[in-house]
Amino acid sequence: MNRTIKTKTLAAGLILAMASLPAVSETTLDYQLETGVAHTNNINRGPVDGADETVGIIGGELDWTVDTRRADGLIDATLEHRIFSNDTNDDETLLSLNGEFDFELIDRLLSWQVTDNFGQVLQDVFAPDNPQNRENVNVFSTGPVVSLPLNSTNQIQFVAAYRDVSFEESPQDNDSLSGQLSYQRSISETRTISLNLSSQALDFDRAIDPDFDRHSATVSFNSRTSRSNLEIEVGSNTVDFGSDREESDGALFRLNFTRNLTSRLSLTLGADQELSDTGQLFGQFLNTRTPNLFGENTADVEAEADALEQRGANIGLSAQQRNGSVFANIRYLDVDFQSSDDQDREGLTFSAGINREFAGGWRVGLNANLNAQDFVDGREDDNLLVSLNVTRQLTRTLALDARLTHTERDSTDTLFSFDEDALRVTLLWQPQRTRSRR
């Protein structure tokens, strides 16, 4: 099956943004190409008699940043084409892209933002992630940022944005217009406080899907020191469905805190509660998804034309050593849709890993991820992923990478329980980082 995502914008906005960049003052480019093969004993993750499959792999990664007097931005992208030798599935190409650009049109007064997030979500959130149960989604947004300084410590800022959310298969495509008005005050060089009013109007393509408006009023505080960073926002938000349904309201809370406990040990704390939608939820999953054998990061989200309330919290520790790193993280997430509650669930995820470099160009990583989910209908899923990664640097730019993975789900719905063991071996070409200045 040739998958062609039906999106009105896709990454075209980012391409135009790149083409319009002024003379570059500094850029950084990292990229790698890879080719190899993988074998799995349960390609479609069925409950019994899993199908063996050998998959040919061709792909690459790109990490590009630019910083100029008038613009700055980044593009992170991963592309992989897979050839299924036993014809258990049609060959597929997966792309994951995150792009952000900010253009300064009038010095310190007017800028223009362009962002694009492209990746995969589940078509059925209850079924396992496999080639038949994922679809592409693209979230594109753009708009101006107007800053009006009142004096050296106070300013008013207005942010407007158009957002387009397009799904490959699901009919819940939508777009929205949003605006935020903020009064910001600098308490010191490292601390700011602001009062914020925002509003967003979502319009779904299908007439049977009810449109809704989202409004919020918050107070936010930011503080930065040499060892810590704190961002906190508190307020209320509402969702207005017009005459279709009753208005929903609730508290809005966001907390992000990082602290360098020592020169090598860092602590991260986070918490959030807000009314949202699946397009916004997808963007947030970009930084929390866990790759499986083939490297995709399918978000545990299913397209839904409904507002939702999400609550979450996380705590993490990471330690950086000269020859490796260690991390551990716990994340809680509760998703509650306003009317279509089939996907309502709460989950707890624990992840940990250790990575170590050894003499002779060897690198070894051991990672584990355990996710327990409870659905509103009483179903319970326990998902486990354990991976061992061994890399051997053959030359300055060439490396051999092997990844052994065990994945399993223990579900109260036995139709969706499975076990999978897989091995992936690829050859990586990794040129040294390039920088340019003008």
Side-chain angles (χ1 to χ4, degrees), residues 28-43 52-65 75-86 91-98 129 264-266 287 289-298 317-329 351-370 384-408 419-435:
T28 301
L29 177 64
D30 286 307
Y31 64 94
Q32 73 173 32
L33 302 176
E34 66 176 323
T35 184
V37 65
H39 181 80
T40 169
N41 65 356
N42 192 357
I43 182 62
D52 286 9
E53 180 61 276
T54 300
V55 184
I57 299 170
I58 303 172
E61 297 181 10
L62 172 70
D63 183 358
W64 183 74
T65 62
I75 290 180
D76 293 321
T78 301
L79 179 68
E80 189 164 284
H81 180 69
R82 300 169 187 167
I83 303 170
F84 296 90
S85 63
N86 295 335
D91 296 349
E92 64 175 349
T93 301
L94 293 182
L95 169 67
S96 175
L97 180 144
N98 177 42
D129 178 14
R264 296 179 177 177
L265 182 64
S266 299
N287 296 321
R289 295 170 294 172
T290 302
N292 68 10
L293 167 68
F294 299 122
E296 67 264 25
N297 290 318
T298 308
L317 283 171
S318 61
Q320 298 291 330
Q321 303 292 330
R322 184 183 62 178
N323 57 354
S325 62
V326 180
F327 76 91
N329 186 77
S351 56
I354 180 170
N355 298 277
R356 183 75 182 269
E357 295 185 5
F358 296 91
W362 290 92
R363 296 191 299 274
V364 178
L366 179 62
N367 296 274
N369 182 280
L370 177 62
L384 174 67
L385 169 65
V386 180
S387 65
L388 173 65
N389 207 90
V390 179
T391 304
R392 172 71 163 89
Q393 198 71 36
L394 303 176
T395 68
R396 183 174 57 87
T397 60
L398 202 62
L400 184 65
D401 181 81
R403 186 188 308 163
L404 180 65
T405 306
H406 174 73
T407 310
E408 67 178 72
D419 287 276
E420 179 193 25
D421 293 302
L423 174 65
R424 168 188 173 123
V425 179
T426 55
L427 191 63
L428 307 177
W429 181 57
Q430 303 167 310
Q432 289 187 325
R433 170 177 291 193
T434 61
R435 289 189 177 92

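Side-chain atoms are counted along with the backbone in the values below, which use heavy atoms only and exclude waters and symmetry mates. Residue numbers run from 1 in the order of the sequence given.
Nearest heavy atom pair, residue Asp91 against residue Phe84, reads OD1-N, 3.0 Å. Nearest heavy-atom pair across Ser351 and Asn369 is CB-ND2, 3.6 Å. When all heavy atoms are compared, the tightest approach of Leu265 to Ala319 is CD1-CB, 4.0 Å. Nearest approach of Gly365 to Asn355, heavy atoms of both residues: CA-OD1, 3.4 Å. The two atoms that bring Ala38 and Ile57 nearest to each other are CB-CD1, 3.9 Å, heavy atoms only.
In this structure, the side chain to side chain donor-acceptor pair (under 3.5 Å) partners of Glu408, at least two apart in sequence or on a different chain, are His406. Not counting sequence neighbours, the partners of Ser266 by the side chain to side chain contact (heavy atoms under 4.5 Å, CB included) test are Asn260, Ser318. Looking at residues two or more places apart in sequence or on another chain, you find a side chain to side chain contact (heavy atoms under 4.5 Å, CB included) between Val425 and Leu400, Ala402, Leu423. Here Thr93 pairs with His81 under the side chain to side chain donor-acceptor pair (under 3.5 Å) rule; sequence neighbours left out. Taking Ser325 as the reference, nothing meets the side chain to side chain donor-acceptor pair (under 3.5 Å) condition, with sequence neighbours excluded. For Trp429, the side chain to side chain contact (heavy atoms under 4.5 Å, CB included) test picks out Tyr31, Leu33, Thr397, Leu398, Pro431, with sequence neighbours left out. Looking at residues two or more places apart in sequence or on another chain, you find a salt bridge (Lys or Arg N to Asp or Glu O under 4.0 Å) between Glu34 and Arg424. Evaluation of the side chain to side chain donor-acceptor pair (under 3.5 Å) rule for Glu357 yields no partner, not counting sequence neighbours. Listed by chain and residue number, Leu384 satisfy the side chain to side chain contact (heavy atoms under 4.5 Å, CB included) test with Leu370 (two or more places apart in sequence, or in another chain).
Between atom CD1 of residue Ile83 and atom CD of residue Glu92 there is a gap of 11.5 Å, rounded to the nearest 0.5 Å. To the nearest 0.5 Å, atoms CD (Glu80) and OG1 (Thr426) are separated by 8.5 Å.
Side-chain contact between Glu420 and Asn41 is present, with heavy atoms from C-beta onward closer than 4.5 Å. Looking at Asn367 and Leu385, their side chains never come closer than 4.5 Å, going by heavy atoms from C-beta outward. For the pair Phe327/Leu317, no side-chain contact is recorded, criterion being any heavy-atom separation below 4.5 Å from C-beta on. A heavy-atom distance below 4.5 Å is not found between the side chains of Asn42 and Asp419. Annotation: side chain of Asp421 is not in contact with side chain of Leu404 (no heavy-atom distance under 4.5 Å).
The backbone N or O of Ser85 lies less than 3.5 Å from no partner atom in the side chain of Thr54, so there is not a single donor-acceptor pair.
Residues Asn389 and Asp401 have side chains that bring a donor and an acceptor to within less than 3.5 angstrom of each other. Judged by distance alone, the side chains of Gln393 and Arg363 do bring a donor and an acceptor atom under 3.5 Å apart.
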